[in-house]
Structure formats: structure tokens, C-alpha cells
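Both ligands and their constituent atoms are indexed starting at 1 by order of listing. By convention here, the first residue in the shown sequence is residue 1.
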Amino acid sequence: MTDLAERRGMNTSVYQPAEDSGLLAQAVIGRVSGRVLEVGTGSGWVAEQLVRKTDAEVVASDLNPHACEQAAERSAALREEGERGFHVVRGNLVSPFRDDSFDAVAFNPPYLPEDLEAARDDWMEVALTGGKDGREIINPFLDTVGRVLKPGGEVYLLVSSLTGYDEVLARAEENGFGHEVVVQESYPYETLTVLALK
Ligand SMILES: C[S@@+](CC[C@H](N)C(=O)[O-])C[C@H]1O[C@@H](n2cnc3c(N)ncnc32)[C@H](O)[C@@H]1O
């Protein structure tokens, strides 16, 4: 694992909110309504921000059962406060969902290029690493997400400079998406961008 991974909570089995989570929430709030899916919700923090700060009906999904459990607890706590809460679904990318079912889909994907020497075989590895080039989760996401979008729907994807920005854009274009940069922030070790794809 890299230092970057260490900074991102590798000692837990669920990814905890970091600067990338905050940037995704910042980009999406104020732009979405209707039915919104957050893929790879982790702790459910972004989904919670969407419930609190938009009028969207929020669905959150993750492959990691521990993440689903933590997100469901967060949703239950929101409901106890009298907020709307959000639905949690376990599954791979958008495969659990019907065609044309969301107005927007947001994803902060695992994107670090794999460090083979330090590779771990656990849920934190699943949260952080996107295979050899960092795009092994992003590519199938871009290839399949269009199916679950309603006509006119938008995708919000967080992209790191470590992942290959131009390659991600090329894959989005291959799948028929145009793009807009919603927000971009530079950090000492990477630049993070949230793209709106339509
Ligand atoms: C970088 S973390 C982001 C977590 C959270 N959304 C946030 O911003 O704090 C990536 C998340 O994607 C999930 N994930 C990885 N591969 C996935 C897949 N194929 N389908 C669904 N979720 C996946 C991981 O379990 C992890 O929770």
C-alpha cells in the first residue's frame, strides 16, 4: 500500500470520508433532484449529505457488505432524526438496478493504480485500488452506467490525476458521454476532478 492509501484509513474495512468524498458531495449538491444513486457508498457519508442537502430520493450501493451495514446504520440514524434516510443495496456497480431508473448516478471509485508489492487482499484494497492502471472499476462503470440513467440523466464521476484523466475521458466519450468539469482541486500528491457526464 502507498502512503496515500495509509492516509485513507486502511486499518478499517470501510472507507471513511476523505477529501475526495467531500469534493463529490460538493459537486453533486445543488445539481441533482429526483432519484439519485450513489455507487460505492462506503460509510454512506456522501449519501447522507445528499439526503440532508437535496430533495432527491437517494439509493446507495456497495460491493462490500461491511460498507452496506455501516451505510444502513447511518440511514437509520438519519431516520431517527426525522430525516428521510436512504435505501442501501449490495451489488456490483449498477448491476442490481433496472434500466432507466435514476436521474443521476454519483461515484467516487477505487482509483489508485495497484502497487503489486504491497497489494492486500481485503475490503480496503477493494475500496482503494483500481487494478494495474487504476481504471479496472471505472471502465466497466462507464460501460454500463448509461443503462440505468433516465433520459437526460447525468453521471458524476470523481477522477484523480493518478488514474489517467485523459484515458477516463476517452472511455466516457466511447460510451457516448459529453463532459463538464464541475469542480477540481489540487493536492500535493494528486489533482481531483468531478466530471458531470451526459
Ligand atoms: C473510494 S471508496 C468511496 C467511498 C465513499 N463513496 C466516499 O466517497 O467516502 C470506493 C467504494 O467503492 C466500493 N466498490 C469497489 N468496487 C465496487 C464495485 N464493483 N461495485 C460497487 N462498489 C464498489 C468500495 O467498497 C468502496 O466503498
Side-chain angles (χ1 to χ4, degrees), residues 1-2 4-29 32 36-53 56 58-75 86-97 102 104-114 119-145 147-148 155-163 168 171 182-183 185 187 189-190 192-195:
M1 255 320 135
T2 62
L4 179 59
E6 282 171 27
R7 281 198 287 276
R8 294 191 174 181
M10 65 184 283
N11 292 326
T12 71
S13 60
V14 179
Y15 188 90
Q16 297 304 307
E19 59 269 31
D20 48 1
S21 324
L23 210 63
L24 181 63
Q26 179 192 331
V28 174
I29 288 163
V32 296
V36 178
L37 170 66
E38 191 210 355
V39 172
T41 195
S43 71
W45 183 85
V46 173
E48 175 179 347
Q49 307 315 305
L50 292 176
V51 168
R52 287 192 188 280
K53 297 174 186 161
V58 180
V59 178
S61 71
D62 208 290
L63 194 60
N64 175 355
H66 310 292
C68 291
E69 202 176 311
Q70 217 172 93
E73 283 167 10
R74 191 182 283 273
S75 174
F86 52 91
H87 308 282
V88 179
V89 177
R90 185 179 179 210
N92 183 17
L93 299 176
V94 296
S95 61
F97 305 106
F102 295 102
V105 178
F107 191 22
N108 174 13
Y111 62 70
L112 294 177
E114 192 172 52
R120 295 148 50 99
D121 181 20
D122 64 11
W123 285 113
M124 196 46 68
E125 186 83 12
V126 170
L128 293 168
T129 58
K132 244 190 209 164
D133 59 9
R135 296 188 295 278
E136 286 181 14
I137 304 299
I138 293 172
N139 285 343
F141 171 75
L142 288 171
D143 296 348
T144 55
V145 65
R147 180 184 66 75
V148 301
V155 175
Y156 295 88
L157 178 66
L158 182 127
V159 184
S160 165
S161 49
L162 300 174
T163 312
V168 172
R171 190 70 167 226
V182 183
V183 61
E185 287 285 340
Y187 301 90
Y189 45 90
E190 65 184 335
L192 298 178
T193 305
V194 179
L195 294 173

> Should Pro109 be listed as contacting ligand 1, given a heavy-atom distance under 4.0 Å as the test?
Replying inline: yes

> Between Arg171 and Ile138, is any pair of side-chain heavy atoms under 4.5 Å apart?
Replying inline: no

> Does Pro110 reach the side chain of Val126, with side-chain heavy atoms less than 4.5 Å apart?
Replying inline: no

> Strictly under 4.0 Å, does any heavy atom of Pro110 approach an atom of ligand 1?
Replying inline: yes

>> Students should be able to answer this: which protein heavy-atom is nearest to atom 20 (N) of ligand 1, and at what distance?
In response: Leu93 N, 2.8 Å

>> Could you tell me, atom by atom, which parts of ligand 1 come under 4.0 Å of a heavy atom of Val126?
In response: 15 (C), 16 (N)

>> I'd like to check Ile29 versus Leu50 (side-chain heavy atoms, cut-off strictly below 4.5 Å). Are they in contact?
In response: yes

>> Taking the side chain as everything from C-beta on, heavy atoms only, tell me whether Leu142 gets closer than 4.5 Å to Val168.
In response: yes

> Side chains of Gln16 and Gln70: is there a donor and an acceptor less than 3.5 Å apart?
Replying inline: yes

> Could an N or O of ligand 1 be found under 3.5 Å from any N or O of Ser43, whether backbone or side chain?
Replying inline: no

> Got a second to check how far Glu190's CD is from Thr163's OG1, nearest 0.5 Å?
Replying inline: 7.5 Å

> Side chain, backbone, both or neither: which part of Ser21 comes within less than 4.0 Å of ligand 1 when only heavy atoms are counted?
Replying inline: both

>> On a heavy-atom basis, I'd like to know which of Asp62, Leu63, Asn108 is closest to atom 3 (C) of ligand 1.
In response: Asn108

> So which of Thr41, Asn64, Val46, Asp20 gets nearest to atom 5 (C) of ligand 1, if we judge by its closest heavy atom?
Replying inline: Thr41

> Do you know which of Tyr156, Tyr111, Phe107 makes ring-ring contact (aromatic ring centres under 6.0 Å, His included) with Phe141?
Replying inline: Phe107

> Judged by non-hydrogen atoms, does Asn92 sit under 4.0 Å from ligand 1?
Replying inline: yes

>> Suppose we measure from atom 11 (C) of ligand 1 to each protein heavy atom; which comes out shortest, and what is that distance?
In response: Gly40 O, 3.4 Å

> Any heavy atom of Gly91 sitting closer than 4.0 Å to ligand 1?
Replying inline: yes

> Any idea which protein heavy atom is nearest atom 1 (C) of ligand 1, and the distance to it?
Replying inline: Ala127 O, 3.3 Å

>> Can a side-chain donor-acceptor contact be found between Tyr15 and Asp20 if the only test is distance below 3.5 angstrom?
In response: yes

